[in-house]
Number of protein chains: 2
Amino acid sequence: MYTIKEVADKMEISEHTLRFWAKSGFFPFLKRNHNNIRLFSDNDLEWVKIVKCLRSVGTENKAIKKYIDLCIIGDSTIPERYEIIKTTKNKALQQMEELKKQLELLDYKENFYQNLIKNNLKDEWNPMNKSKPEEEAV
Amino acid sequence: MYTIKEVADKMEISEHTLRFWAKSGFFPFLKRNHNNIRLFSDNDLEWVKIVKCLRSVGTENKAIKKYIDLCIIGDSTIPERYEIIKTTKNKALQQMEELKKQLELLDYKENFYQNLIKNNLKDEWNPMNKSKPEEEAV
DNA sequence: TTAACTCTTGAGAGTTACTCTCAGTCAATT
DNA sequence: AATTGACTGAGAGTAACTCTCAAGAGTTAA
(Lines give C-alpha, C1' and ligand atoms only; values in the text may rest on other atoms or scores of the structure.)
Protein backbone atom coordinates (compact mmCIF):
# COMPACT_ATOMS: atom_id res chain seq x y z
CA MET A 1 0.00 0.00 0.00
CA TYR A 2 1.26 3.44 -0.97
CA THR A 3 0.49 6.95 0.22
CA ILE A 4 -0.37 9.61 -2.29
CA LYS A 5 3.14 11.00 -2.11
CA GLU A 6 4.69 7.63 -2.89
CA VAL A 7 2.40 7.20 -5.87
CA ALA A 8 3.17 10.74 -6.99
CA ASP A 9 6.91 10.01 -6.94
CA LYS A 10 6.61 6.55 -8.45
CA MET A 11 4.33 7.60 -11.30
CA GLU A 12 5.63 11.14 -11.82
CA ILE A 13 2.22 12.69 -11.32
CA SER A 14 1.67 15.52 -8.83
CA GLU A 15 -0.25 14.82 -5.62
CA HIS A 16 -2.65 17.57 -6.65
CA THR A 17 -3.41 15.82 -9.89
CA LEU A 18 -3.84 12.46 -8.18
CA ARG A 19 -6.36 13.97 -5.75
CA PHE A 20 -8.09 15.68 -8.65
CA TRP A 21 -8.28 12.37 -10.52
CA ALA A 22 -9.49 10.57 -7.41
CA LYS A 23 -12.25 13.14 -6.97
CA SER A 24 -13.10 12.66 -10.65
CA GLY A 25 -13.84 9.02 -9.93
CA PHE A 26 -10.84 7.59 -11.77
CA PHE A 27 -9.86 5.24 -8.94
CA PRO A 28 -13.10 3.56 -7.97
CA PHE A 29 -11.59 1.06 -5.55
CA LEU A 30 -9.21 3.38 -3.75
CA LYS A 31 -9.49 2.94 0.03
CA ARG A 32 -8.64 5.15 3.01
CA ASN A 33 -7.13 4.21 6.35
CA HIS A 34 -8.71 5.01 9.76
CA ASN A 35 -7.26 8.52 9.50
CA ASN A 36 -9.03 9.17 6.20
CA ILE A 37 -5.75 8.93 4.31
CA ARG A 38 -5.77 7.45 0.82
CA LEU A 39 -3.86 4.18 0.49
CA PHE A 40 -3.17 2.97 -3.04
CA SER A 41 -2.96 -0.79 -3.59
CA ASP A 42 -1.02 -2.33 -6.47
CA ASN A 43 -4.33 -2.70 -8.23
CA ASP A 44 -5.07 1.00 -7.74
CA LEU A 45 -1.70 1.67 -9.35
CA GLU A 46 -2.90 -0.15 -12.45
CA TRP A 47 -5.78 2.30 -12.63
CA VAL A 48 -3.37 5.20 -12.22
CA LYS A 49 -1.29 3.74 -15.05
CA ILE A 50 -4.17 3.47 -17.50
CA VAL A 51 -5.50 6.91 -16.59
CA LYS A 52 -2.04 8.39 -17.09
CA CYS A 53 -1.82 6.60 -20.41
CA LEU A 54 -5.18 7.88 -21.64
CA ARG A 55 -4.42 11.43 -20.45
CA SER A 56 -0.98 11.50 -22.06
CA VAL A 57 -2.62 10.77 -25.40
CA GLY A 58 -5.04 13.66 -24.85
CA THR A 59 -8.17 11.73 -23.88
CA GLU A 60 -10.58 14.09 -22.13
CA ASN A 61 -11.34 13.42 -18.49
CA LYS A 62 -15.01 12.93 -19.35
CA ALA A 63 -14.07 10.14 -21.77
CA ILE A 64 -11.73 8.60 -19.21
CA LYS A 65 -14.54 8.53 -16.68
CA LYS A 66 -16.70 6.78 -19.23
CA TYR A 67 -14.03 4.12 -19.77
CA ILE A 68 -13.67 3.62 -16.02
CA ASP A 69 -17.43 3.23 -15.68
CA LEU A 70 -17.44 0.66 -18.47
CA CYS A 71 -14.76 -1.30 -16.61
CA ILE A 72 -16.91 -1.31 -13.49
CA ILE A 73 -20.02 -2.48 -15.33
CA GLY A 74 -18.12 -5.60 -16.29
CA ASP A 75 -17.72 -8.11 -19.09
CA SER A 76 -20.64 -6.93 -21.20
CA THR A 77 -18.69 -3.77 -22.03
CA ILE A 78 -15.56 -5.51 -23.30
CA PRO A 79 -16.24 -4.83 -27.01
CA GLU A 80 -16.83 -1.15 -26.30
CA ARG A 81 -13.68 -0.91 -24.23
CA TYR A 82 -11.78 -2.64 -27.01
CA GLU A 83 -12.93 0.03 -29.46
CA ILE A 84 -11.87 2.79 -27.10
CA ILE A 85 -8.41 1.29 -26.76
CA LYS A 86 -8.08 0.92 -30.52
CA THR A 87 -9.16 4.52 -31.13
CA THR A 88 -6.77 5.71 -28.45
CA LYS A 89 -3.94 3.74 -29.99
CA ASN A 90 -4.62 5.28 -33.39
CA LYS A 91 -4.59 8.72 -31.83
CA ALA A 92 -1.25 7.92 -30.24
CA LEU A 93 0.17 6.78 -33.58
CA GLN A 94 -1.02 10.00 -35.21
CA GLN A 95 0.63 12.02 -32.46
CA MET A 96 3.81 10.07 -33.07
CA GLU A 97 3.74 11.14 -36.73
CA GLU A 98 3.06 14.74 -35.81
CA LEU A 99 5.91 14.71 -33.30
CA LYS A 100 8.26 13.29 -35.94
CA LYS A 101 7.30 16.07 -38.33
CA GLN A 102 7.93 18.73 -35.70
CA LEU A 103 11.25 17.11 -34.83
CA GLU A 104 12.29 17.50 -38.47
CA LEU A 105 11.60 21.22 -38.26
CA LEU A 106 13.50 21.48 -35.00
CA ASP A 107 16.43 19.61 -36.55
CA TYR A 108 16.41 22.01 -39.45
CA LYS A 109 16.36 25.02 -37.13
CA GLU A 110 19.11 23.54 -35.01
CA ASN A 111 21.38 23.15 -38.03
CA PHE A 112 20.45 26.57 -39.31
CA TYR A 113 21.48 28.27 -36.06
CA GLN A 114 24.52 26.06 -35.66
CA ASN A 115 25.81 27.14 -39.06
CA LEU A 116 25.25 30.79 -38.26
CA ILE A 117 27.22 30.39 -35.05
CA LYS A 118 30.01 28.39 -36.69
CA ASN A 119 30.48 31.18 -39.23
CA ASN A 120 30.70 33.78 -36.48
CA LEU A 121 27.17 35.06 -37.12
CA LYS A 122 28.42 36.56 -40.34
CA ASP A 123 26.33 34.93 -42.99
CA GLU A 124 23.19 36.93 -42.39
CA TRP A 125 22.63 37.05 -46.11
CA ASN A 126 22.73 33.37 -46.85
CA PRO A 127 19.89 32.19 -49.14
CA MET A 128 17.64 31.69 -46.11
CA ASN A 129 17.43 35.42 -45.60
CA LYS A 130 15.75 37.55 -48.19
CA SER A 131 15.38 41.30 -48.33
CA LYS A 132 14.61 41.87 -44.67
CA PRO A 133 16.75 39.50 -42.60
CA GLU A 134 14.99 40.16 -39.33
CA GLU A 135 11.68 39.11 -40.77
CA GLU A 136 13.04 35.83 -42.00
CA ALA A 137 15.21 34.83 -39.11
CA VAL A 138 12.44 32.89 -37.40
CA MET B 1 -1.60 36.23 -49.31
CA TYR B 2 -4.03 34.15 -47.28
CA THR B 3 -7.05 35.00 -45.15
CA ILE B 4 -7.29 33.63 -41.64
CA LYS B 5 -9.67 30.93 -42.85
CA GLU B 6 -7.23 29.74 -45.51
CA VAL B 7 -4.42 29.60 -42.98
CA ALA B 8 -6.68 27.78 -40.53
CA ASP B 9 -7.46 25.11 -43.14
CA LYS B 10 -3.90 24.87 -44.47
CA MET B 11 -2.28 24.59 -41.03
CA GLU B 12 -5.06 22.76 -39.19
CA ILE B 13 -5.33 25.41 -36.52
CA SER B 14 -8.67 27.03 -35.64
CA GLU B 15 -9.32 30.63 -36.64
CA HIS B 16 -9.95 31.39 -32.98
CA THR B 17 -6.54 30.11 -32.05
CA LEU B 18 -4.85 32.03 -34.87
CA ARG B 19 -6.50 35.26 -33.70
CA PHE B 20 -5.51 34.45 -30.14
CA TRP B 21 -1.91 33.85 -31.24
CA ALA B 22 -1.92 37.03 -33.31
CA LYS B 23 -3.12 39.02 -30.29
CA SER B 24 -0.39 37.35 -28.25
CA GLY B 25 2.17 38.90 -30.57
CA PHE B 26 3.26 35.68 -32.25
CA PHE B 27 3.05 37.11 -35.79
CA PRO B 28 4.85 40.44 -35.53
CA PHE B 29 4.80 41.22 -39.25
CA LEU B 30 1.22 40.26 -40.00
CA LYS B 31 -0.51 42.97 -42.06
CA ARG B 32 -4.16 43.93 -42.60
CA ASN B 33 -5.89 45.09 -45.77
CA HIS B 34 -7.90 48.31 -46.06
CA ASN B 35 -10.86 46.54 -44.47
CA ASN B 36 -8.87 45.64 -41.38
CA ILE B 37 -8.71 42.01 -42.41
CA ARG B 38 -5.59 40.00 -41.61
CA LEU B 39 -3.63 38.83 -44.66
CA PHE B 40 -0.95 36.23 -44.04
CA SER B 41 2.09 36.26 -46.32
CA ASP B 42 4.23 33.18 -46.95
CA ASN B 43 6.65 34.57 -44.44
CA ASP B 44 3.87 34.91 -41.86
CA LEU B 45 3.13 31.24 -42.51
CA GLU B 46 6.68 30.41 -41.42
CA TRP B 47 5.92 32.08 -38.11
CA VAL B 48 2.71 30.11 -37.81
CA LYS B 49 4.70 26.97 -38.49
CA ILE B 50 7.30 27.59 -35.80
CA VAL B 51 4.66 28.64 -33.25
CA LYS B 52 2.66 25.50 -33.99
CA CYS B 53 5.82 23.46 -33.59
CA LEU B 54 6.72 25.01 -30.25
CA ARG B 55 3.15 24.69 -28.97
CA SER B 56 2.82 21.06 -30.04
CA VAL B 57 5.83 20.24 -27.90
CA GLY B 58 4.21 21.97 -24.92
CA THR B 59 6.16 25.23 -24.91
CA GLU B 60 4.24 27.83 -22.89
CA ASN B 61 2.94 30.86 -24.75
CA LYS B 62 5.05 33.13 -22.57
CA ALA B 63 8.18 31.28 -23.70
CA ILE B 64 7.05 31.39 -27.32
CA LYS B 65 6.62 35.16 -27.07
CA LYS B 66 10.12 35.38 -25.68
CA TYR B 67 11.50 33.43 -28.64
CA ILE B 68 9.61 35.66 -31.10
CA ASP B 69 10.98 38.73 -29.37
CA LEU B 70 14.51 37.34 -29.63
CA CYS B 71 13.97 36.82 -33.35
CA ILE B 72 12.94 40.44 -33.73
CA ILE B 73 15.93 41.76 -31.80
CA GLY B 74 18.15 40.19 -34.41
CA ASP B 75 21.48 38.48 -34.84
CA SER B 76 22.80 39.10 -31.36
CA THR B 77 20.26 36.63 -29.99
CA ILE B 78 21.20 33.73 -32.24
CA PRO B 79 23.05 31.76 -29.54
CA GLU B 80 20.11 32.13 -27.16
CA ARG B 81 17.65 31.04 -29.84
CA TYR B 82 19.90 28.09 -30.63
CA GLU B 83 19.71 26.98 -26.99
CA ILE B 84 15.91 27.28 -27.00
CA ILE B 85 15.67 25.12 -30.10
CA LYS B 86 18.00 22.51 -28.61
CA THR B 87 16.02 22.39 -25.36
CA THR B 88 12.78 22.13 -27.28
CA LYS B 89 14.17 19.31 -29.39
CA ASN B 90 15.19 17.40 -26.28
CA LYS B 91 11.71 17.86 -24.86
CA ALA B 92 10.26 16.49 -28.09
CA LEU B 93 12.54 13.46 -27.94
CA GLN B 94 11.47 12.79 -24.36
CA GLN B 95 7.84 13.01 -25.39
CA MET B 96 8.57 10.54 -28.16
CA GLU B 97 9.90 8.07 -25.60
CA GLU B 98 6.90 8.59 -23.34
CA LEU B 99 4.54 8.08 -26.25
CA LYS B 100 6.32 4.86 -27.19
CA LYS B 101 5.91 3.59 -23.63
CA GLN B 102 2.22 4.41 -23.62
CA LEU B 103 1.80 2.73 -27.00
CA GLU B 104 3.21 -0.45 -25.48
CA LEU B 105 0.55 -0.37 -22.80
CA LEU B 106 -2.15 0.29 -25.39
CA ASP B 107 -0.87 -2.63 -27.48
CA TYR B 108 -1.03 -4.84 -24.45
CA LYS B 109 -4.58 -3.77 -23.67
CA GLU B 110 -5.61 -4.22 -27.27
CA ASN B 111 -4.37 -7.79 -27.28
CA PHE B 112 -5.93 -8.45 -23.90
CA TYR B 113 -9.37 -7.37 -25.04
CA GLN B 114 -8.98 -9.05 -28.41
CA ASN B 115 -8.31 -12.36 -26.72
CA LEU B 116 -11.32 -11.96 -24.45
CA ILE B 117 -13.51 -11.31 -27.47
CA LYS B 118 -12.01 -14.14 -29.51
CA ASN B 119 -12.82 -16.56 -26.69
CA ASN B 120 -16.41 -15.34 -26.54
CA LEU B 121 -15.82 -13.33 -23.38
CA LYS B 122 -15.57 -16.57 -21.49
CA ASP B 123 -12.12 -16.49 -20.01
CA GLU B 124 -12.93 -14.11 -17.22
CA TRP B 125 -10.73 -16.12 -14.92
CA ASN B 126 -7.54 -16.06 -16.92
CA PRO B 127 -4.48 -15.26 -14.81
CA MET B 128 -5.08 -11.53 -15.39
CA ASN B 129 -8.11 -11.67 -13.19
CA LYS B 130 -7.67 -12.39 -9.53
CA SER B 131 -10.29 -12.77 -6.82
CA LYS B 132 -12.49 -9.88 -7.86
CA PRO B 133 -12.57 -9.82 -11.66
CA GLU B 134 -14.30 -6.50 -11.98
CA GLU B 135 -11.60 -4.77 -10.00
CA GLU B 136 -8.85 -6.08 -12.23
CA ALA B 137 -10.43 -5.69 -15.60
CA VAL B 138 -9.00 -2.24 -16.18
C1' DT C 1 5.83 16.45 27.18
C1' DT C 2 5.88 19.91 24.68
C1' DA C 3 7.47 21.76 20.62
C1' DA C 4 8.70 21.34 15.91
C1' DC C 5 8.26 19.02 11.73
C1' DT C 6 6.16 16.35 8.18
C1' DC C 7 2.43 14.48 5.74
C1' DT C 8 -2.09 14.50 4.83
C1' DT C 9 -6.85 16.39 4.19
C1' DG C 10 -10.76 19.36 1.66
C1' DA C 11 -12.26 23.69 -0.02
C1' DG C 12 -11.69 26.94 -3.03
C1' DA C 13 -9.08 30.48 -5.68
C1' DG C 14 -5.98 31.11 -9.65
C1' DT C 15 -3.82 29.94 -14.20
C1' DT C 16 -3.14 28.56 -19.01
C1' DA C 17 -4.61 28.18 -23.37
C1' DC C 18 -7.81 27.94 -25.62
C1' DT C 19 -12.96 27.84 -27.29
C1' DC C 20 -17.14 29.83 -28.04
C1' DT C 21 -20.79 33.46 -28.36
C1' DC C 22 -22.28 37.63 -29.90
C1' DA C 23 -23.10 41.95 -31.93
C1' DG C 24 -21.43 44.46 -35.63
C1' DT C 25 -18.83 45.74 -40.23
C1' DC C 26 -18.16 45.06 -44.95
C1' DA C 27 -18.45 43.15 -49.79
C1' DA C 28 -20.74 40.35 -52.91
C1' DT C 29 -24.78 37.94 -54.58
C1' DT C 30 -29.93 37.42 -55.53
C1' DA D 1 -32.88 46.21 -51.06
C1' DA D 2 -32.11 42.11 -48.72
C1' DT D 3 -29.55 38.23 -47.76
C1' DT D 4 -25.34 35.68 -47.32
C1' DG D 5 -20.86 34.85 -45.72
C1' DA D 6 -16.24 36.09 -44.02
C1' DC D 7 -14.32 38.82 -40.95
C1' DT D 8 -13.84 41.88 -36.61
C1' DG D 9 -13.07 42.63 -31.20
C1' DA D 10 -14.77 42.03 -26.62
C1' DG D 11 -15.66 39.16 -23.39
C1' DA D 12 -17.72 34.94 -21.27
C1' DG D 13 -17.00 29.98 -20.68
C1' DT D 14 -14.27 25.68 -20.27
C1' DA D 15 -10.84 21.89 -19.23
C1' DA D 16 -7.50 20.39 -16.54
C1' DC D 17 -4.85 21.34 -13.75
C1' DT D 18 -2.06 24.09 -10.06
C1' DC D 19 -1.63 26.38 -6.02
C1' DT D 20 -2.80 28.23 -1.36
C1' DC D 21 -4.56 27.65 2.94
C1' DA D 22 -6.04 26.15 7.48
C1' DA D 23 -6.65 22.12 10.08
C1' DG D 24 -5.58 17.56 11.84
C1' DA D 25 -2.95 13.62 12.60
C1' DG D 26 1.80 11.03 13.50
C1' DT D 27 6.85 11.13 14.31
C1' DT D 28 11.10 13.02 16.15
C1' DA D 29 14.11 15.99 19.12
C1' DA D 30 15.05 18.58 23.38
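Chain letters run A, B, ... following the sequence lines, proteins first, then strands; residues in each count from 1. Side-chain atoms are counted along with the backbone in the values below, which use heavy atoms only and exclude waters and symmetry mates.
To the nearest angstrom, P of dC7(D) lies 11 Å from CG of Leu18(B). Taking atom NZ on Lys65(A) and atom P on dA15(D), their separation rounds to 15 Å, with Å as the unit. Here the C1' atom of nucleotide dA6(D) and the CG atom of Asn33(B) are 12 Å apart, to the nearest Å.
With sequence neighbours left out, Pro79(A) forms a side-chain contact (heavy atoms from CB on, under 4.5 Å) with no residue at all. Under the side-chain contact (heavy atoms from CB on, under 4.5 Å) criterion, Gln94(A) pairs with no residue at all, not counting sequence neighbours. Taking the side-chain contact (heavy atoms from CB on, under 4.5 Å) definition, one finds that Ser56(B) meets it with Gln102(A), sequence neighbours left out. Residues passing the side-chain contact (heavy atoms from CB on, under 4.5 Å) test with Asn36(B), sequence neighbours excluded: Arg32(B).
Partner of Tyr2(B) under the side chain to side chain donor-acceptor pair (under 3.5 Å) criterion, chosen from Asp42(B), Asp44(B), Asp9(B): Asp42(B).
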Enumerate donor-acceptor pairs with a distance under 3.5 Å from any side-chain N or O in residues 15-23 of chain A to protein atoms, sequence neighbours excluded.
from, atom 1, to, atom 2, distance (Å)
Glu15(A), OE1, Arg19(A), NH2, 3.3
Thr17(A), OG1, Ser14(A), OG, 2.9

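The stretch residues 88-99 of chain B has no heavy atom under 4.0 Å from DNA chain C, so no residue of it qualifies as close.
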What string of B, S and - do you get for nucleotides 6-21 of chain C, 5' to 3', if B is base contact, S is sugar-phosphate-only contact and - is no contact with any protein heavy atom under 4.0 Å? --SBS-----SSB-BB
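Note on residues 54-70 of chain B: pairs passing salt bridge (Lys or Arg N to Asp or Glu O under 4.0 Å), not counting sequence neighbours, are Lys65(B)-Asp69(B), Lys66(B)-Glu80(B).
Hydrophobic clustering, defined by side-chain heavy atoms of Ile, Leu, Val, Met, Phe, Trp and Tyr closer than 4.5 Å, leaves Ile37(A) isolated from every other such residue.
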